[in-house]
Amino acid sequence: MGRNTRKRRTPLATKAIAASAALALGGGGLLWANYYASAHESHNQAWGGNTTKAASAQVATISCPDVGQKLTNVPSRARQGVAMELSNLDKQITEAYNRLASTRSAQAGDPSFVQNAIVGPLKDKRAATIDRIRIDVQRVGGTFDSSLSQLAACTTQSANQTTAGGQNNGQAGGQQNNGGQQQNNGGQQQGNNGGQQQGGQQQGNNGGQGGDGPAAADFVDITKVAPNVQGKPAKQQNASTGTFVTRCGVNANQNHNSDNVIVAPGVTNGAHHVHDYVGNQKVNAFSSNQTFLQGGTSCQNRNDLSAYYWPVIREQDGTQEKDANADGGGKDLNVGKILVAQQAQIKYVGSPASKVVAMPQFLRIITGDAKAFVNGPANANAHWSCTGFENKVQLTDKYPICPQGSNVVRSFAFQSCWDGQNIDSANHRTHVAFADPASGVCPNGFKAIPQLTMRLVYNVPQPVVQADGTVKNAYAVDGFPEELHKPITDHDDFISVTTGGLANRIANCINSGRNCA
């Protein structure tokens, strides 16, 4: 199997925030609770609409090494069992985070509470789970990297720590690979609001759960960000210059679930957040290549049975969405009104350096990292902007505040190089790669494929960062609760499924320089 030897680094200045607010479902509606780690009392106040409120706490979230990213060689016969155990690791972290967020008073009274009651037991659970992964791999004759056993221990992040992965305090800058383009983050800090927090939905009857973002510092007025978009690589003589657009709708029929069949096949709620699905209409944890072919499609081109799915955006307005008490929704602290994109453009583009080969059937690609806040930015590929600003400003670690008349835009540029052999890999990344951002050339051993790009446009109320440390009209992307709904965690998923020779037609269109639909 080919390896992606090119590492993508995106320096940024994203601060961890305090996970201490809570939305509790009370007799009078939604109540907002603010817990302070420096005192024993809690302060309740009526929910004041769609507002993100400041909160302070010593510990914001839990940071655990991502075992799945370290797996590069899992025998096919062990992959189902390993996927189940990796999902268990995710579940353990989420449960520990929920306990962290719901025990602020106990933490205030006992400095050792977090270590003794949360982090320590979590390490023991993770050690046992990693050992089960070892057994699964070795049982079928595979080799297990013993260093993975050292990834059981987790740490905590405070409100003043930066994102894991070596980012520096200060202004966000740096460059990010955008699937063949380089872009600066351009995220500017909004004052000293790193501790603000949105409340989360109450879970069960065990008291209000800790809030998990977004923070006021996660938003930036895009009109105050310096232009940071750099040019594309120059087209070489053998460039493939065509485009192919497939029209699959915006998920107006609300095809949602919180599964992730790529990362967690066979695991209900494997994503811990809700996805929008367009294209293939039979995608869930238990889907297979065979069911994909029977799934039907929302695409106008009936031969496009590909699965295109991404985490939903929610307006943080106190609305009890239909999944307020469900996995992936309120139970995983994803709350508020799910927003439907106004536009969803899915377009395949060519390579500036070469012709492309057709995508193989059932190729899986994940772009971006749902755990980028804790993992660090190596695999981050989030792009946020506003209509009218896309050619000037792209943000990775900030949600844009767009001016009146402008809408929020999420864009994705998937990996455009394939190892020529595998439709997936153990960590779901090393079978594909990004082209060199300066030349557009694929790494050695990789072939250029049509690059999937997506552009989602949303009409959201304009967020307002107020002087008292609140954000009115906050919005956020769904995610694992311990990732604090940071914008850097935005990601997109794709499974290529076509019939009637469509994959070859897409490649031929792009190679011939035509614009097709």
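In this structure a side-chain-to-backbone donor-acceptor pair under 3.5 Å is missing from Ser411 to Arg455. A donor-acceptor distance shorter than 3.5 angstrom exists from the side chain of Thr297 to the backbone of Asp304, with no hydrogens or angles considered. Of the possible polar contacts, none joining the Tyr97 side chain to the Glu483 backbone as a donor-acceptor pair under 3.5 Å is found. Counting only distance, with no hydrogens or angles, the side chain of Thr470 and the backbone of Gln466 share no donor-acceptor pair below 3.5 Å. The backbone N or O of Tyr399 sits nowhere less than 3.5 Å from a side-chain atom of Asp218 that would complete a donor-acceptor pair. A donor-acceptor distance shorter than 3.5 angstrom exists from the side chain of Asn228 to the backbone of Gln394, with no hydrogens or angles considered.
Interatomic distance, Leu395 CG to Ser385 OG, rounded to the nearest 0.5 Å: 6.5 Å. Annotation: the span from Ile313 atom CD1 to Tyr458 atom OH amounts to 4.5 Å, rounded to 0.5 Å.
For the residue pair Lys322 and Gln254, a side-chain donor N or O sits within less than 3.5 Å of a side-chain acceptor on the partner. Between the side chains of Asp369 and Asn375, a donor-acceptor pair is found at a separation under 3.5 Å. Checking His485 against Asn334 by side-chain atom types alone, a donor-acceptor pair falls below 3.5 Å. No donor-acceptor contact under 3.5 angstrom links the side chains of Asn280 and Tyr309, judged on distance only.
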Original post:
Going through the checks in order, is the side-chain hydrogen bond (donor to acceptor under 3.5 Å, both in side chains) test met by Ser258 and Asp327?
Top reply: CA-CA 7 Å; Ser258 58; Asp327 287 339; over 6 Å; no
**OP:** Decide yes or no on side-chain hydrogen bond (donor to acceptor under 3.5 Å, both in side chains) for His272 and Asn260, but give the supporting numbers first.
**Re:** CA-CA 9 Å; His272 292 265; Asn260 192 334; over 6 Å; no
**OP:** Would you check, one step at a time, whether the test side-chain hydrogen bond (donor to acceptor under 3.5 Å, both in side chains) holds for Asn253 with Gln281?
**Re:** CA-CA 11 Å; Asn253 61 327; Gln281 295 296 287; 3.3 Å; yes
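Between Arg410 and Pro311, some side-chain heavy-atom pair lies under the 4.5 Å cut-off. Counting only heavy atoms from C-beta outward, the side chains of Lys392 and Val229 never approach each other to under 4.5 Å.
Of all heavy-atom pairs spanning Pro352 and Ala239, the tightest one is O-CB, 3.4 Å. Annotation for Cys154 and Ile62: closest pair CB-CG2, 4.0 Å, computed over non-hydrogen atoms. In this structure, Lys331 and Asn325 approach most closely via the heavy-atom pair CE-O, 3.3 Å.
Tested against Ile401 for a side chain to side chain contact (heavy atoms under 4.5 Å, CB included), the candidates Val465, Ile222, Val460, Thr223 yield a single pass: Val465.
Phe219 and Tyr475 have their aromatic ring centers within a separation under 6.0 angstrom. Residues His273 and Phe480 place their aromatic rings such that the two centres sit under 6.0 Å apart.
Lys486 and Asp397 are not joined by a salt bridge, as no carboxylate oxygen comes within less than 4.0 angstrom of a charged side-chain nitrogen.
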